[in-house]
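Single-structure report; data block below.
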Amino acid sequence: VQLQASGGGLVQAGGSLRLSCITSGRTDSSSPMGWFRQAPGKEREFVAAITWSGGSTNYGEAVKGRFTISRAKYDDTIYLQMNSLTPEDTAVYYCARDLRDARLWSTAIHPHIKYWGKGTQVTVSS
C-alpha cells in the first residue's frame, strides 16, 4: 500500500489549503484513513480521521471547527480542507491508513499506525 499526499504549500495566516491523499497498491478492505502532522522538535500529532464509509469523523482538539476531512463513500482518496490557518499549523502533514476505528484515533496511537504517506509540508506565515 502506498499513500501519496499532496496540496501542501506556503500560505498566509487566515488562509486556506486543501490536502489530498491517494491510496495505491493492494489495500486492506474497509480501512479508515486520516491525517497526522509533525512540527520540528514536536511529537507527531493527530489531526483528523474518517471511517471507510465517510459517515463518521474525528478531529484533534487543535483543529476542530477549522479543518474538515472528507472522502467519497467507500473511496480510497481523502481530503483535508484547512481554513483559518495560523502559524501554529505549520508542520509536515502525513496521510495515514489503519484498520483501527477512526473514532478512536488520537495522538497516542501514531506509533501503531500501519501505513504512512511521505508527508507534505504546510507553512503558514504570520
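Small disclaimer: the values here were computed from a predicted structure and weren't measured.
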Joint cluster assignment, Tyr115 & Trp35, ILVMFWY side-chain distance < 4.5 Å: yes

Applying side-chain hydrogen bond (donor to acceptor under 3.5 Å, both in side chains), can you list everything that pairs with Thr123, at least two apart in sequence or on another chain? Gln121

Rounded distance [0.5 Å steps], OG in Ser6 versus CG in Leu19: 7.5 Å

Exam field: side chain Arg100 to backbone His112, donor-acceptor pair closer than 3.5 Å: yes

Check whether any side-chain heavy atom of Val63 sits under 4.5 Å from a side-chain heavy atom of Leu80, and report yes or no. no

Nearest heavy-atom approach of Ser84 to Ser16 is N-OG, 4.4 Å

List the atom of Ala91, the atom of Ala39, and the distance in Å for their closest heavy-atom pair. CB-N, 3.8 Å

Looking only at heavy atoms, the pair that brings Thr120 and Ala5 closest together is CG2-CB, 4.2 Å

Could you measure the distance from the CG atom of Leu104 to the CG atom of Asp98? Nearest 0.5 Å is fine. 11.0 Å

Do Tyr59 and Thr68 have side-chain heavy atoms sitting under 4.5 Å apart? yes

Is there a side-chain contact between Leu3 and Met33, using heavy atoms and a 4.5 Å cut-off? yes

Quick one: pull up OG1 in Thr107 and CD in Glu45 and give me the separation to the nearest 0.5 Å. 5.5 Å

Pairwise distance CZ(Phe67) to OG1(Thr57) - rounded to 0.5 angstrom: 14.0 Å

How many angstroms lie between OG1 in Thr86 and CZ in Arg66, if you round to the nearest 0.5 Å? 5.0 Å

Spacing of OG belonging to Ser31 relative to CG belonging to Asp76, to within rounding of 0.5 Å: 8.0 Å

Going hydrophobic residue to hydrophobic residue with side-chain gaps under 4.5 angstrom, can you get from Met82 over to Val11? yes

Could you list who else is in Ile113's hydrophobic cluster, with ILVMFWY side chains joined at under 4.5 Å, directly or through other members? Phe36, Phe46, Val92, Tyr94, Trp105, Ile109, Trp116

Is a donor on one side and an acceptor on the other found under 3.5 Å between the side chain of Asn58 and the backbone of Ala102? yes

Please name the residue in the list His110, Arg44, Glu43 that meets the side-chain contact (heavy atoms from CB on, under 4.5 Å) test with Gln38. Arg44

